[in-house]
Amino acid sequence: MSEQEVQIVDFEEMLRFIESRLASAGTYVKREAIITILQAEEAFLLEKGILQEYSE
């Protein structure tokens with residue numbers, strides 16, 4: 001069995017980072033819209049096998 005690297009991303013930290021980057025660009029997007037986009041991206045990456053659910 002091959003060794004896999006596991007990285008855990010803090011969703012709230014990522015959300016704040018995105019909000020900050022958008023604000024720096026002079027763009028305001030509702031938090032709910034960002035969450036919806038992130039959830040869609042996660043579903044896509046899971047479907048493509050790029051992300052995997054992690055359980056201990």
Side-chain angles (χ1 to χ4, degrees):
M1 178 177 272
S2 66
E3 187 176 317
Q4 294 181 345
E5 182 178 334
V6 174
Q7 292 183 346
I8 299 173
V9 176
D10 182 287
F11 189 81
E12 182 64 30
E13 180 184 2
M14 181 170 53
L15 187 56
R16 285 191 310 268
F17 178 83
I18 292 168
E19 288 173 322
S20 175
R21 291 287 298 257
L22 289 170
S24 294
T27 303
Y28 173 77
V29 178
K30 288 186 177 182
R31 182 172 260 226
E32 294 80 21
I34 298 169
I35 291 170
T36 301
I37 293 167
L38 289 173
Q39 289 171 336
E41 179 184 24
E42 177 186 30
F44 176 79
L45 294 174
L46 285 168
E47 184 177 301
K48 296 297 180 182
I50 297 168
L51 286 180
Q52 294 180 354
E53 294 285 338
Y54 179 75
S55 59
E56 293 184 53

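Every heavy atom of this structure was used, including side-chain atoms; hydrogens, water molecules and symmetry mates were not.
- Judged purely by atom type and a 3.5 angstrom limit, T36 uses its side chain to pair as donor or acceptor with the backbone of E32.
- The shortest non-hydrogen separation linking L46 to E53 is CD1-OE2, 3.6 Å.
- Applying the salt bridge (Lys or Arg N to Asp or Glu O under 4.0 Å) rule to E47 yields no partners; only residues at least two apart in sequence or on another chain are considered.
- Between I18 and I37, every side-chain heavy-atom pair lies at or beyond the 4.5 Å cut-off.
- Separation of atoms CD1 (I35) and CD (E42) is listed at 12.0 Å; rounding is to 0.5 Å.
- Hydrophobic clustering, with ILVMFWY side chains joined whenever heavy atoms are under 4.5 angstrom apart, groups L51 together with F44.
- None of E12, E19, E13 except one satisfies the salt bridge (charged side-chain N to carboxylate O under 4.0 Å, His left out) rule with R16; the exception is E12.
- Remark: E41 engages L38, L45 in a side chain to side chain contact (heavy atoms under 4.5 Å, CB included) (not counting sequence neighbours).
- Hydrophobic clustering keeps V9 apart from I50 (ILVMFWY residues linked when any side-chain heavy atoms are closer than 4.5 Å, directly or through intermediates).
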